[in-house]
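Structure below; questions to follow.
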Amino acid sequence: MADDQRHGHIFGVLFIITFITSISALGLFQPVLDDPVGYITGGGKDNQIYLGALLEFFLIVANVGTAVVLYPIARRQNEALAIGYVAARIMECVFIGAGIIFVLGVVGLRHDLPGAHDAAFTLAALKDWTFLLGPGFFPLGNGLLLGYLMYRSGLVPRRMTWFGLIGGPLLFFAGVGVLFDWWNAGGTVQSLATIPEFIWELFLGVYCAIWGFRKDSPIVRPNWRGNATA
């Protein structure tokens, strides 16, 4: 049980790291994303972009870490879903990694080919697509899948898992709307759809970092014998 609680605290800390790194990196990347042509033709803030890339690297590590740390415990509830969560996190990180490369590509153009305006626009647009198809679509993993695992296992208060169960599909639907041009990326609809998922992930990080997993969850009881009702 002590090992399970240690895993719970690590899980929470890693979730908090994902918040800090993802939000900070997005802010640091704005000079490239807002005006890629202006970036490659102007002075540029290369160190700022490099810092953002480093933060997103730590984001990838923390993302995968949340799934790896949770897996030994979540598999007691449902091994297929536990593996599915690991896979969802890895796929999300594939898109994040591609986004890092596209942003650094714009920095490379500033140094080597400052007249390549079309290429700069293209790389910035590809970065936006990786954000939509990665963190924008894979809240189904963090929200619906993880929310269901947490609800069934009781590792965190069940009433809070509804933010994930609702927020994940809601944010996915908002991403589909952006994909089919029903509304603008980052507009009111997508921003509102982000709120439940944001609350869910923030709650997970803070709750687990402070308290770990609930000690009355069936799958962390000392008499656990492979049955969620034990």
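Computed over heavy atoms, backbone and side chain alike; hydrogens, waters and symmetry mates excluded.
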*Over all heavy atoms of both residues, which pair between Gly99 and Thr130 is shortest? Give the atoms and the distance, please.*
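Gly99 and Thr130 have their closest heavy atoms at CA-OG1, 3.4 Å.
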*Set of ring pair (Phe, Tyr, Trp, His ring centres under 6.0 Å) partners for Phe203, sequence neighbours left out*: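 Only Tyr207 meet the ring pair (Phe, Tyr, Trp, His ring centres under 6.0 Å) criterion with Phe203.
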_Quick check on Asp34: does its CG atom have over 12 non-hydrogen neighbours (other residues, nucleotides or ligands) under 6.0 Å away?_
yes
*Just jot down the salt bridge (charged side-chain N to carboxylate O under 4.0 Å, His left out) partners of Glu92, sequence neighbours excluded, or say none.*
Arg89
*Under 3.5 Å donor-acceptor, Tyr39 side chain and Lys45 backbone*: yes
*Do Phe213 and Leu70 come close enough that some side-chain heavy atom pair is under 4.5 Å?*
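They are in contact (side-chain heavy atoms under 4.5 Å apart), so the answer is yes.
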*Supply the atom-to-atom distance Phe95 CZ to Trp129 CH2, rounded to the nearest 0.5 angstrom.*
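Spacing of CZ (Phe95) from CH2 (Trp129) equals 11.5 Å.
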*Aromatic rings Trp182 and Phe173: how do their planes relate, parallel, tilted or perpendicular, breaks at 30° and 60°?*
tilted
*Can you name the nearest heavy-atom pair linking Ile219 to Arg76, along with the distance?*
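Of all heavy-atom pairs spanning Ile219 and Arg76, the closest is O-NH1, 2.5 Å.
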*Measure across Arg158 and Arg152 and return the closest heavy-atom pair with its distance rounded to 0.1 Å.*
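Smallest interatomic distance, heavy atoms only, reads NH2-O, 3.2 Å.
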*Mind checking what makes salt bridge (charged side-chain N to carboxylate O under 4.0 Å, His left out) contact with Glu56, not counting sequence neighbours?*
Lys127
*Decide whether Trp162 and Ile199 are clustered together by the hydrophobic rule: side chain heavy atoms of Ile, Leu, Val, Met, Phe, Trp, Tyr closer than 4.5 Å, transitively.*
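They do share one cluster, since a chain of ILVMFWY contacts under 4.5 Å joins Trp162 to Ile199.
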*Transitive ILVMFWY cluster of Phe121 at side-chain heavy atoms under 4.5 Å: who else is in it?*
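Other cluster members: Val37.
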_Could you work out, with salt bridge (charged side-chain N to carboxylate O under 4.0 Å, His left out) as the rule, every residue matching Asp35, not counting sequence neighbours?_
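Counting only residues at least two positions away or on another chain, Asp35 forms no salt bridge (charged side-chain N to carboxylate O under 4.0 Å, His left out).
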*Euclidean distance, Phe29 CZ relative to Ser24 OG, rounded to 0.5 Å*: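 If we round to the nearest 0.5 Å, Ser24:OG and Phe29:CZ are 11.0 Å apart.
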_Spacing of Ile60 atom CD1 and Ile90 atom CD1 [to the nearest 0.5 Å]_ = 11.5 Å
*asked:* Quick check: Phe15 with Phe11 (ring centres under 6.0 Å apart)?
replied: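 Yes, the ring centres sit under 6.0 Å apart.
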*Walk me through it: do Leu123 and Val32 pass the test side-chain contact (heavy atoms from CB on, under 4.5 Å)?*
CA-CA 9 Å; Leu123 290 173; Val32 167; over 6 Å; no
_Is there a path of hydrophobic side-chain contacts, each under 4.5 Å between heavy atoms of I/L/V/M/F/W/Y residues, joining Leu146 to Ile83?_
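Shared cluster, no.
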*Should Leu59 and Ile17 be counted in the same cluster of Ile, Leu, Val, Met, Phe, Trp and Tyr side chains packed under 4.5 Å apart?*
no
*Which pair of non-hydrogen atoms, one from Ile16 and one from Ala209, has the smallest distance, and what is that distance?*
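Smallest heavy-atom distance, with atoms named: CD1-CB, 3.8 Å.
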*Are Trp211 and Leu202 connected in a single hydrophobic cluster, I mean Ile/Leu/Val/Met/Phe/Trp/Tyr linked by side-chain heavy atoms less than 4.5 Å apart?*
yes
*Hydrophobic cluster of Leu51, others only, ordered by chain and residue number, side-chain cut-off 4.5 Å*: Leu28, Leu55
*Could you give the distance from CG (Leu204) to OG1 (Thr66), rounded to the nearest 0.5 Å?*
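It comes to 9.5 Å.
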*Do Phe172 and Tyr148 belong together in a cluster built from hydrophobic side chains that touch within less than 4.5 Å?*
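Per the 4.5 Å side-chain linkage, Phe172 and Tyr148 are co-clustered.
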*pair Trp183-Thr188: side-chain heavy atoms closer than 4.5 Å*: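 Not touching, per the 4.5 Å side-chain cut-off.
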_Please report the interatomic distance CD1(Ile49) to CD1(Ile100), rounded to the nearest 0.5 Å._
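Ile49 CD1 to Ile100 CD1: 12.0 Å, rounded to 0.5 Å.
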*asked:* Please find the pair of heavy atoms, one from Ala116 and one from Ile40, that lie closest to each other, and give the distance.
replied: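 Here Ala116 and Ile40 meet closest at O-CD1, 3.6 Å.
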*For Phe19, does the CZ atom have more than 12 heavy-atom neighbours from other residues, nucleotides or ligands under 6.0 Å away?*
yes
*Specify the closest pair of heavy atoms between His111 and Val107, including all atoms of both residues, with the distance to one decimal.*
CD2-O, 3.1 Å
*Could you state the interatomic distance from CD1 (Ile101) to CG (Leu104), rounded to the nearest 0.5 Å?*
8.0 Å
